Structure formats: C-alpha cells, structure tokens
Amino acid sequence: MIRHLMRLGAVLSAAALAACTSAPPTPTAAATPARKPNFLLIVADDLGYSDLGAYGGEIATPTLDRLAQGGAQFTSFYASPFCSPTRAMLMSGTDNHLAGFGDMAELMLDVQRGKPGYEVVLNDRVVPMPQVLREAGYRTVMAGKWHLGNTEPLSPAARGFDRSYAMTMGGASHFGDQTGIFAMDPNKPIKAMYREDGKAIDIPRKGFYSSDFFSNRLIQYLQETRGDGSKPFFAYLAFTAPHWPLHAPDEDIAKYDDGRYEAGYDAIREKRLARMKQLGMIPADTAAYTGHPVWKRWRDLTPAERRSEARRMAVYAAMVDNMDRNIGRVLKHLETTGELDNTVVVFMSDNGADGNSIFDYGRTREWIRKDMDNSTAHAGREGSYIEYGPGWAQVGSTPLKLYKSFMYEGGITVPAIVWGPKAGIAPKKRTEVAHVMDIAPTIYELAGAKHPGTQWQGRSVLPIKGRSLVSFLQGRQPSVYGPNDAIGWELGGRKALRKGDWKIVQANAPWSSGGWELYNVAQDRTESRNLAAQQPQKLAELLEDWKRYVAENGVLEIPGLADRPGYSNAAKYYEDLAHEAVLPPRPRVLFGRAGQSLS
C-alpha cells in the first residue's frame with residue numbers, strides 16, 4: 001500500500017506544480033484516517049475511450065495514468081450513450097428509464113412526456129447516492145455538471161449534498177460569459193443555469209474556466225466541511241470538459257497546436273491502436289473501425305479544413321490535459337490533509353466521444369454564425385463555439401464503432417478506473433463487464449451504508465439494480481456478470497442488449513439497415529461481423545431477453561423515434577466546417593452574459 005501511495009504521490013506533486021502558478025500548500029500533520037473510507041467520484045464529459053494515456057492516447061494525462069496503473073482499469077465498462085441518463089444511473093444505481101431519464105430532456109417528444117420514467121429529472125422513485133451516504137454519516141460535496149434537474153427542489157442541495165456548486169444544464173461555455181449551448185431564437189441565446197447550495201447564481205465574469213473553478217470549489221468545500229477530520233466524505237467532481245463548445249486557456253492550446261494533429265485522423269488512430277496493443281488493452285490482431293461512409297475522410301478535406309480540424313483537436317486535447325492537472329490538484333490536497341490514504345477514487349466518462357452536432361437544434365446555427373467567432377485562429381477561445389466532429393470522435397473511440405448517441409461499443413463503452421489500495425483494490429486491467437449502475441452499490445458496500453430498499457421516508461422507492469464490484473475488485477470473485485446475465489440499453493429509439501459474449505444492437509438508416517444486428521463482442525469488439533443471419537437461434541434468444549428488459553424497465557418503443565431530425569441524424573458537420581474554416585478572425589469583441597456583445 002505504501003508503495004502505491006509513494007508512486008502516486010510523486011505524480012501528484014508534479015501535476016499540482018504544473019496546474020498552479022503559486023506554490024503548493026504547506027504540508028500539515030496527517031489526520032488520523034477515518035474508520036470509513038472517503039470517496040472521490042470524478043466524471044468527465046464526452047471523453048473518448050482512447051483519449052487517456054493509459055488507454056492509448058497521446059494526450060498528457062499523468063494523474064489518471066497513475067491511477068490506472070495503481071488501480072483497476074476497466075476495458076469493458078458500460079454507460080449510457082448520453083450524459084444525463086448515465087448520471088441518473090450513477091446517482092441511483094438503477095436503469096435510466098426507472099430513474100426518470102427514458103430520453104434526453106432536450107430531445108423529448110410529446111408522446112413521451114408525462115410517462116413514468118420520462119420525467120427527465122432524477123425522480124422521486126429513487127434515493128440518490130449522496131442521500132444514502134449522508135444518512136450513513138458522510139459529509140457530501142459536489143462541484144460541476146448536474147444535468148438531473150434545473151430547479152432548486154431538483155438541485156444537488158435537495159438530493160443529498162451538504163455543499164454544491166452545480167451547472168444544472170447539459171452544457172455551457174467554459175468561460176465566464178455563462179452562455180448556454182443552444183438557441184431557439186438567435187437573438188436570445190440561452191443563459192446557463194448555475195446553483196450554489198440550491199440557490200441560483202451568476203458565475204464570476206473574469207478568471208473563470210470550468211475545470212479550474214470546479215476543482216477549486218470542491219477543494220474549498222472539502223476544507224470547509226472537514227472539521228476535526230473524523231467524518232468521512234463523499235465528493236463528486238463532475239467536469240464539463242471536454243464537452244462542446246470546446247474551450248481551453250491559450251497556453252494549454254498552444255501545447256497541442258504544434259502541428260501534431262495535422263497528420264490527420266488515420267495517422268493518430270493508428271498510433272493509438274498500436275499503443276493500445278502495446279499496453280495489452282486489445283488483442284494484437286485488432287483492426288480499428290475507421291468511420292462511417294457517410295462522413296468525409298481526411299484526404300477529402302481542403303488544406304483550410306484540415307488546419308481547422310487540427311486546431312479543434314488541439315483544443316480538445318488541451319481540455320483533457322487541463323482536466324487531468326486539476327484532478328492532480330484535488331488529489332494533492334487530499335495528500336496534504338492526510339486523507340488520500342483512506343480515499344477510494346472512481347473515474348469514468350459519461351458516454352463515448354461526441355461526433356454529433358448541436359447546430360441543427362432549434363436555431364443554434366443562426367446564433368453561432370451571428371454571435372461567435374469560429375475562425376481557425378480564434379477557435380477554442382472565449383467567444384468561439386466549436387465542436388470537433390465525427391472524424392476526431394471516431395479517433396477518440398479507437399478501436400470501437402461509432403460514438404455518443406449510438407448503442408455500438410464506441411457510444412456506450414467508456415474509460416473507467418477505480419483506485420483504492422487501502423480498500424484492497426488490486427492493480428489490474430479488468431476486461432470483464434461492469435456497468436455504471438454498479439458504482440452506487442460498490443460504494444455502499446465499501447462505506448458500510450445500506451440502501452433503503454423499497455421504502456424511504458414514508459414513500460415507495462425502487463431498489464438498486466446494479467451489483468457491487470467489491471469482491472471482484474478485491475480479487476475474490478472472477479466476474480460480476482455471468483454468461484446468462486443480460487444488460488439492456490435504449491435511448492432515442494436506438495437499442496442494444498448484451499448477454500455474455502453476445503450483443504444485439506439496432507440503429508436507424510443511414511447508420512445501419514434498421515434491423516437487429518448480432519455480434520460476438522468477445523471475438524469481434526469492433527462489431528464488424530453481423531451474425532444475425534448465421535445465428536438465428538442466438539438472435540431469437542437475445543430478443544426474448546430484450547422483451548423482458550423493456551417490460552421490467554418501462555421502455556417506450558416508439559416506431560421511427562431514432563429517425564428524429566437533428567443532432568445525430570443531421571450529418572451536416574462538414575458543411576459547417578467548410579464554412580468556418582475560411583472565416584477571417586473578427587475584430588476583438590468582449591462578450592457579456594449569454595453571448596451578448598459589450599462592444
């Protein structure tokens with residue numbers, strides 16, 4: 001255990017120095033470790049499967065790489081293909097359709113509204129993790145993205161957090177202008193909603209960058225609630241990075257805007273693929289999925305488009321790098337206070353890399369073209385609004401198929417790490433299946449906390465569906481899910497179910513034929529060989545499991561739902577890229593709240 005902590009401490013010290021312009025805090029006497037373990041739960045937003053160094057990426061992520069080296073690194077960890085459903089499952093330990101997120105609030109249809117499980121808030125049928133842990137004697141703090149309800153009664157403060165600083169919506173500018181992420185009226189862009197301890201607030205106009213600020217506030221809350229150090233904590237750090245709009249400090253962008261990404265999608269993917277094989281993450285004969293034929297290839301882009309794409313990926317990489325350094329600062333704080341030794345760290349992404357576009361939602365494209373400077377020179381700075389598109393997202397998913405919003409492996413498989421030497425978590429790559437619903441029961445078992453079951457505070461509630469990973473993580477159990485255990489997914493009319501080595505998946509045209517596909521994902525993780533025609537009995541077996549999943553979780557199967565326009569179906573990214581790649585920089589403009597010009 002001491003060796004684990006010494007190795008991690010060396011990296012944390014370096015990460016903290018890189019992240020701060022001031023000297024690190026002066027060490028104090030170590031606190032007596034709490035009887036119960038502390039928990040630090042960290043969620044990245046739209047981080048791709050292969051982005052981290054420990055997962056094959058070229059982005060500098062030394063803090064997370066060291067956590068992966070010293071803990072359990074998952075290669076088959078599943079989430080939802082969208083952010084809020086994953087967060088609902090994470091907080092509740094049950095399926096998103098039961099917890100209130102049968103679909104995304106931003107994409108909801110009238111036929112879904114008002115149906116049980118489609119409230120698009122974390123509903124009262126579940127008991128959130130911070131409430132369970134607070135009743136078990138934990139102090140609970142959070143900073144970052146909530147996305148489970150915008151109003152005060154639905155805020156983190158009302159769902160179990162003692163202290164909270166939350167961006168309650170799906171996304172926002174990463175700088176202090178507090179701009180939202182879409183517009184129904186191009187002259188009235190959305191202002192992002194933030195709440196501190198439940199109360200609506202404006203963020204600081206100057207000096208705000210999301211990852212820096214959320215990390216600072218979490219450290220502040222940990223310090224303010226610490227008391228004599230005897231009460232354990234549950235801390236939730238929910239970054240909005242690297243979710244679009246892609247923004248990063250200039251000095252971070254400069255580190256990656258050095259020409260490396262001008263090599264293009266294929267060159268970066270091949271380097272990641274080789275690194276993943278070298279790390280033992282994938283079999284040596286794995287061939288990466290290289291992208292859907294709907295999309296352009298690097299060779300099809302003009303020089304201006306390639307330069308814009310290289311800049312966008314540089315901004316994205318800068319966001320991931322910055323996030324890693326901020327995680328290092330939080331861990332350094334825990335090391336300084338003597339609490340790291342007794343802390344279990346859980347890290348994950350909420351879904352796969354995002355190759356979709358918000359431009360077709362409402363009148364967002366009009367707003368962006370009117371108010372934002374998306375010239376290549378300005379991309380990533382305040383007053384820009386860029387995405388990085390399907391080409392780079394597919395690189396982020398290496399070697400898996402597709403990305404966020406799809407039920408193929410690239411949309412639902414995410415990087416996940418659990419570190420906790422004192423809790424007996426063995427350092428090992430874990431190829432076995434695990435699911436985001438498993439995090440809550442795992443934390444409960446380690447904490448000695450008990451979920452209330454079916455009754456809580458005088459009302460009926462749902463039991464958890466996830467399974468504790470503790471025995472598995474401690475090496476006392478070979479796996480959590482057996483060959484006959486089925487795990488289902490549905491969102492926006494796209495569907496999947498995995499049972500043992502087998503998986504069925506369905507997507508709409510043009511991304512698929514529209515019918516059910518069958519894959520042996522133990523042998524074909526990139527879903528390149530559809531066996532539905534060759535294995536009709538296996539397909540029929542899994543379809544019966546699918547029917548049970550639908551019935552047990554209240555899934556609404558709506559014909560044509562996956563075909564709804566916009567976002568993942570618009571396929572206009574490269575049209576927008578062609579427009580933006582040749583834009584000249586605009587005169588310097590100061591932006592006020594919600595993107596309103598001040599000059």
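Predicted model, so just to flag it, every value in this text is computed and none were measured.
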Side-chain heavy-atom pair [X], [Y] within 4.5 angstrom cut-off:
X	Y	value
M129	Y444	yes
L148	L154	no
V436	F77	yes
T75	Y49	yes
D350	F82	no
L237	V43	no
I417	V345	no
N38	F234	no

[X] and [Y]: side-chain donor and acceptor closer than 3.5 Å?
X	Y	value
Q69	W419	no
T225	R139	yes
R217	Q220	yes
D51	Y316	yes
N216	R329	yes
S80	N96	no
N322	N326	yes
Y567	D354	yes

Is a salt bridge present between [X] and [Y], judged by a nitrogen-to-oxygen distance below 4.0 Å?
X	Y	result
R312	E387	no
K199	E196	no
D202	K191	yes
R311	D257	yes
E135	K450	no

Look only at the side chain of [X] and the backbone of [Y], and say whether a donor-acceptor pair between them is shorter than 3.5 Å.
X	Y	answer
R159	P130	no
H435	I439	no
Y361	L107	no
S164	A166	no

Residues in salt bridge (Lys or Arg N to Asp or Glu O under 4.0 Å) contact with K145, at least two apart in sequence or another chain
D45

When rounded to the nearest 0.5 angstrom, what is the spacing between [atom1] in [X] and [atom2] in [Y]?
X	Y	atom1	atom2	value
D252	M323	CG	CE	12.5 Å
N123	L462	CG	CG	7.0 Å
D162	R134	CG	CZ	5.0 Å
Q223	L218	CD	CG	11.5 Å
T94	R125	OG1	CZ	8.5 Å
H147	M193	NE2	CE	13.5 Å

Trace of the side chain to side chain contact (heavy atoms under 4.5 Å, CB included) decision for L98 with V126
CA-CA 8 Å; L98 298 174; V126 301; 5.7 Å; no

Check the pair W392, Y261 against ring pair (Phe, Tyr, Trp, His ring centres under 6.0 Å), reporting the backbone distance first and the verdict last.
CA-CA 10 Å; W392 288 124; Y261 291 119; 5.6 Å; yes

Would L64 and Y55 satisfy side chain to side chain contact (heavy atoms under 4.5 Å, CB included), going step by step from the backbone distance to the final call?
CA-CA 10 Å; L64 288 168; Y55 282 80; over 6 Å; no

Hey, is NZ on K428 packed in by over 12 heavy atoms from elsewhere, all under 6.0 Å?
no

R430 NZ/CZ over F472 ring centroid, <6.0 Å and within 45° of normal:
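Checked: cation-pi criterion met.
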
Can you list the steps and then say if T442 with D438 is a side chain to side chain donor-acceptor pair (under 3.5 Å)?
CA-CA 6 Å; T442 300; D438 302 331; over 6 Å; no

